[in-house]
Structures are given as C-alpha cells and as structure tokens.
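Below you'll find the structure, written out as structure tokens, and then a few comments.
The analysis underlying the following values was restricted to heavy atoms, covering all of them including side chains, and did not include hydrogens, waters or symmetry mates.
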Amino acid sequence: MDQIKPLPIGAQHYILMLIPRLIRDIEELGLPHIIRTSSFTEREVTTLYFEFVSINRVLPTEPEHIAPGLWPHLIYCVQVMTEMVNSASMEELAQAREQAIRKFLPHARQTVEKEYQDQCREGAVDLHLAGVLRQDSSPDHSRELCMEAIRLEREQRIESVRGLSTAHLDAHSACIVEAAKAYVEQAQADPPEDFGLLDLVVRLLDLLRLVHVLETSPSAQAAIPADFSVDNIVLGIGNALYRRELGLRFTQVKAPRP
C-alpha cells in the first residue's frame, strides 16, 4: 500500500490559517448565495458548513498536535470550502490578465528605459534592452517589454526580502514566510522555466516587508489599506506556494495586489 506523502510543515500551518478564513468567507457570502451559485445542493451546503465550523472549534492550533491521519480530511475540507467560494471563471481570469498587461505597459516601458539609460551612463550597453525598446508595439512585444520590467523588479525585490525578519509574526505566519524565503533562494540557485510563481511570492514578501515597516511607524499606520493586513499577505503567500499541492483550483481568499 502506498504511503501518503507527508505535508510540508509550511503547508500544515497554511491549512490551519486557511480553515477559519474560508469559514468567514462562506459566512460573508451567505449560505443562500453559495447554494445559488455553486454546484452544491442546499442540504450539502448546510451540512458541510456546520461540519467545518465544528471541526474548526476543536482543531489544535499547532500542527504537531494533529494526528497524521487527520491531514487528508483537512485537505478535503479546504478543497470543498474553496470550491464553495470559487466565483472566478477561466475566461474572467484571462480577461483580467490582458487588462493587467495593458495597465502595466506604460510603467514597464518607463522601468526598462530607466535601466537602459542608467547602464548607458555607466558606459555599458545592454543590446537586449536596446532591442526591446526599439521593437514595435505589437501584442507580443508588449508582453516582452512587461516581462523585462518584471525581471528587473524581481532582482531588486529579491535583494530587499533577503533580510525580512519573521520575529514579529505568529507561528503559522512565520513558518509560511520562512518556507517562502527558502523557495526564493532555491529558485535563484535553480531558476524555474516559468517565473510566474517566483514573481508572485517575491512581490508578496516585499509587500509584507513594507507593511511591517509602516506598522512600526504610528504616523504611517493610517495609510495602510485594509486588504494589506499581515494575515492577508501571508495567506496569499501560502496560496501561491501550496494551492497546487493541496488541490485548490482557486481560492477567494484575497491576496492584496503588490
């Protein structure tokens, strides 16, 4: 009989953070709305909701206090709850991606131009950057320009998050953030074919660093948007790192835009 692969400790902490948040999302959406918009029947939604609430009430706060055999059921719980609150179609996500590219394009060109000009002043000519800036404004070129700007920002953000401290975080958040930092270092040593996950994790870590700086300054606390809470950011990091491993197709837990 095949042995169940043990969950990474970061994923365990993420599940324990995610369960109460998903219950809150379900309550905010309302059971009638979920019944109307999901594939679950009224009886299923009601029964499952009360089961999840009951589990959450008795769930230990530390992963080591949870029996190994219980983790598959907890994964099932977050999968079902995620499906309940899932309201984004693939078409909507594709449209949002294209809108984001168009919105980001002016900033991308400015970023790449600044980097190119800085290098020229230092006596270095980057032929790749020059080529990107001289191309036409076709959709393919727009994407290449955006990707080049993202690469430059990635390098800057990675340097800023290397010294990110987790001393101010609770146990769940600290474990998830340390796992994310380890992932970034590993990706630096062995670059992935697709940088999408790395870029998202790095941006959220950098955002977490910024929010912590603002929170330590009383005069700046009022400037922090409500969605930019430490818990929201850490949940976004956990979702990026573990949603595939946990079988989460999409989660409505909102990670603030970095």
Has S229 got a side-chain atom pairing as donor or acceptor with N232's backbone, closer than 3.5 angstrom?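 Flag set: sc S229 to bb N232 pair under 3.5 Å.
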
Indicate yes or no for a side-chain donor-acceptor contact from T46 to the backbone of E42 under 3.5 Å, with no hydrogens or angles considered.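 Checked: pair present.
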
From [X] [atom1] over to [Y] [atom2], what is the distance, rounded to the nearest 0.5 angstrom?
X    : Y    : atom1 : atom2 : answer
I233 : L204 : CD1   : CG    : 7.5 Å
E83  : L248 : CD    : CG    : 10.0 Å
Q188 : L198 : CD    : CG    : 7.0 Å
R36  : L29  : CZ    : CG    : 10.5 Å
C77  : I55  : SG    : CD1   : 4.0 Å
L70  : I75  : CG    : CD1   : 10.0 Å

Of all residues at least two apart in sequence or in a different chain, which pass the side-chain contact (heavy atoms from CB on, under 4.5 Å) check with [X]?
X    : value
R43  : T41, T47
V201 : A180, Y183, V184, L197, L205, A240, L241
A11  : L7, P8, Y242
E28  : R24, D25

Applying side-chain hydrogen bond (donor to acceptor under 3.5 Å, both in side chains), which residue pairs with at least one partner in residues 66-80 are found, sequence neighbours left out? E51-H73

Which pairs count as side-chain hydrogen bond (donor to acceptor under 3.5 Å, both in side chains) when at least one residue sits in residues 53-67, sequence neighbours excluded?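 Of all non-adjacent pairs touching residues 53-67, none passes side-chain hydrogen bond (donor to acceptor under 3.5 Å, both in side chains).
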
Is any side-chain heavy atom of [X] less than 4.5 Å from a side-chain heavy atom of [Y]?
X    : Y    : answer
P63  : I9   : yes
V80  : F40  : yes
L200 : I237 : no

Side chain to side chain donor-acceptor pair (under 3.5 Å) involving E27 - partner list, sequence neighbours excluded: Y49

Taken in chain and number order and not counting sequence neighbours, the residues that satisfy side chain to side chain donor-acceptor pair (under 3.5 Å) with S160 are D206

Ignoring hydrogens, what is the shortest heavy-atom contact between [X] and [Y]? Give both atom names and the distance.
X    : Y    : value
M17  : V234 : SD-CG1, 3.9 Å
P192 : A187 : CD-O, 3.9 Å
M81  : I26  : CG-CD1, 3.7 Å

Would you list the pairs meeting salt bridge (Lys or Arg N to Asp or Glu O under 4.0 Å) in which at least one residue belongs to residues 162-177, sequence neighbours left out? E159-R162, R162-E185

Sort out for me which residue in L246, L18, L59 forms a side chain to side chain contact (heavy atoms under 4.5 Å, CB included) with L74. L59

Salt bridge (charged side-chain N to carboxylate O under 4.0 Å, His left out) against E178, all qualifying residues, sequence neighbours excluded: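 Applying salt bridge (charged side-chain N to carboxylate O under 4.0 Å, His left out) to E178 gives none.
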
